[in-house]
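Notes to accompany the following structure.
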Amino acid sequence: MSSTLDRSAVQSEKNVWQMAQAQLDDVAKLIGLDASVHAYLRVPKRVLTVSVPCEMDDRTLRVFEGYRVQHNMSRGPAKGGIRFHPDVSLDEVKALAMWMTWKCSLVNIPFGGAKGGVICDPKSMSMRELENMTRRYTTEISIIIGPEKDIPAPDVYTTPQIMAWIMDTYSMQKGYSIPGVVTGKPIAIGGSLGRDKATARGCLVVANEAMAEIGRNINGATASIQGFGNAGMHSAELFAEAGYKIVAVSDSRGGVGNPKGLDVGKLIAFKQETGSVSGFSGGDTMSNKEILECECDVLVPAALEKVITAENAPRIRAKIIAEAANGPTLPEADDILFDRGIMVLPDILANAGGVTVSYFEWVQDLQEDFWDEDKVNERLKRKMTKAFSETLEQSKKLKVHMRRAAYVVAVSRVAEATKLRGVYP
Ligand code: NAD
């Protein structure tokens, strides 16, 4: 299939922000999006850069750079995670914020998109340093966040404990407890049951729908997973519970595979003990390249961006790619995979379970009424199934791949809200 997307900038620069804008440009052409709405949606609404001074354990002062970007709030308050990683950049945060707008729209929850990040290496910081940095970053961005404005959540290398510090810092400044300022919190302070596994559970729901669509049986099917954090580890656990054999997994230190299936329980215990899946004795060492290219029914990229490219796309042997990570596939790879008949469940669909249960958490916090886990999981399944079927319907109708179809659904809804509200003043 030939593409309508001008990829020259994307290919030369490999910049995620240009990639995100190019994806929007692509769908704008496809749906004949009003030029003024297109221009409005092509840029973030608000970008905040903050300096985060932090006293380190040796009493020296370090100044970290952080960001909070709000891409769009036409459909409700902004929503999106916070990433702590050495490679965080403003362009990355802008891209992630834009993807959050589309994701919230696709699963039809009343949020816009935002994202935050701090350039730091949390693995080399003590708990005290991490807490200081988190509290100061929260203070710096507190001028634009709040339960009715912008609600952060976890992302790469940010945890429920970090969400607890954010909630506490914001609450201390206001003088009373405000659990709804952040989601992904521990249960004891207003978190939701089921939030920890929500991204993975949502990913499983849409992967199962896709398996049914291509006529494959789940029992004995195989899955390969790149990344073994919140999204990846819980995916391994839930896919295995559902009947898949997990044939390969990896994290930042390396990978392990076993065509007969890895023992996921033992693997999780090993990761908790050693800090990595690398070196697990229940399988053979595998490189990242092998993890992505191994024979399997479902490949779950659950680490970082831009791992599936025009270079490796021709060698990928999965039947379905379920993007638990944000932005793992470059646009030029999308077309290659589509031509090869591989169904890609795009990030804004496949990992939308996290933000969906974050929405449920926010609703529970605001209502001060907490649901049991079955209710959370059941409602999550309903949202994910609906988003999958709406995407599939557009994909068939327009004869486009699932990412384009998901963008058609998501961007159309945001465009409608933007038009209805008009431009102030
Ligand atoms: P995490 O910090 O819990 O885990 C990240 C994992 O990726 C770790 O296991 C790390 O070792 C691994 N990793 C890092 N570099 C790697 C590399 N080069 N090769 C292989 N593995 C590598 O983060 P997470 O929350 O699981 O997020 C992972 C992805 O999922 C991100 O793209 C994030 O934006 C996306 N996501 C997460 C959520 C959520 O609820 N946590 C929701 C939606 C999307």
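Just follow the structure's listing: the first ligand is 1, and inside any ligand the first atom is 1.
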Please check if any side-chain donor atom of [X] sits under 3.5 Å from a side-chain acceptor atom of [Y], or the reverse.
{"X": "Ser89", "Y": "Asp91", "result": "no"}
{"X": "Lys197", "Y": "Ser235", "result": "no"}
{"X": "Ser177", "Y": "Ser171", "result": "no"}
{"X": "Lys45", "Y": "Tyr40", "result": "no"}

If you have a sec, work out which protein heavy atom is nearest [atom] and how many Å separate them, to one decimal?
{"atom": "atom 26 (O) of ligand 1", "value": "Ala231 N, 2.8 Å"}
{"atom": "atom 33 (C) of ligand 1", "value": "Asp155 OD1, 3.3 Å"}
{"atom": "atom 3 (O) of ligand 1", "value": "Asn230 N, 2.8 Å"}
{"atom": "atom 2 (O) of ligand 1", "value": "Tyr157 N, 2.8 Å"}
{"atom": "atom 18 (N) of ligand 1", "value": "Asn288 ND2, 4.1 Å"}
{"atom": "atom 23 (O) of ligand 1", "value": "Val156 CA, 3.6 Å"}
{"atom": "atom 39 (C) of ligand 1", "value": "Thr199 OG1, 3.3 Å"}

From [options] - option closest to [atom] by heavy atom:
{"atom": "atom 14 (C) of ligand 1", "options": "Ser276, Ser252, Gly232", "result": "Ser252"}
{"atom": "atom 8 (C) of ligand 1", "options": "Pro122, Gly81, Gly202, Gly229", "result": "Gly229"}
{"atom": "atom 36 (N) of ligand 1", "options": "Pro328, Ala324, Gly80, Ala303", "result": "Ala324"}
{"atom": "atom 28 (C) of ligand 1", "options": "Ala302, Ala350, Gly353, Ala325", "result": "Ala302"}

Taking distance alone, with no angle check, do Phe228 and ligand 1 share an N/O pair under 3.5 Å?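 Such a contact does occur with ligand 1.
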So is there a nitrogen or oxygen of Leu96 less than 3.5 Å from a nitrogen or oxygen in ligand 1?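 No; the residue has no nitrogen or oxygen that sits under 3.5 Å from a nitrogen or oxygen of the ligand.
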Main-chain N/O of [Y] paired with [X] side-chain donor or acceptor, under 3.5 Å:
{"X": "Lys383", "Y": "Asn108", "value": "yes"}
{"X": "Ser142", "Y": "Thr139", "value": "yes"}
{"X": "Asp297", "Y": "Thr222", "value": "yes"}
{"X": "Asn351", "Y": "Ala325", "value": "yes"}
{"X": "Trp99", "Y": "Gly327", "value": "no"}
{"X": "Asn326", "Y": "Leu96", "value": "no"}
{"X": "Ser51", "Y": "Val63", "value": "no"}

Is there a heavy atom in Arg83 that sits closer than 4.0 Å to ligand 1?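 True for this residue.
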Looking only at heavy atoms of Arg253, does any of them come nearer than 4.0 Å to an atom of ligand 1?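 In this structure, Arg253 fails to qualify as a contact of ligand 1 - no heavy atom is under 4.0 Å.
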May I ask you to identify, for [X], whether its side chain, its backbone, both or neither come under 4.0 Å of ligand 1 on a heavy-atom basis?
{"X": "Leu304", "answer": "side chain"}
{"X": "Asp251", "answer": "both"}
{"X": "His234", "answer": "neither"}

Mind running ring-ring contact (aromatic ring centres under 6.0 Å, His included) on Phe270 and Phe280 for me, showing each step along the way? CA-CA 7 Å; Phe270 182 81; Phe280 178 63; 5.6 Å; yes
What are the atoms of ligand 1, with element, lying closer than 4.0 Å to any heavy atom of [X]?
{"X": "Asn351", "value": "43 (C), 44 (C)"}
{"X": "Arg195", "value": "40 (O)"}
{"X": "Ser250", "value": "20 (C)"}

Side-chain ion pair, Asp25 and Arg42, N-O less than 4.0 Å: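 Salt bridge between Asp25 and Arg42, a charged N being under 4.0 Å from a carboxylate O: yes.
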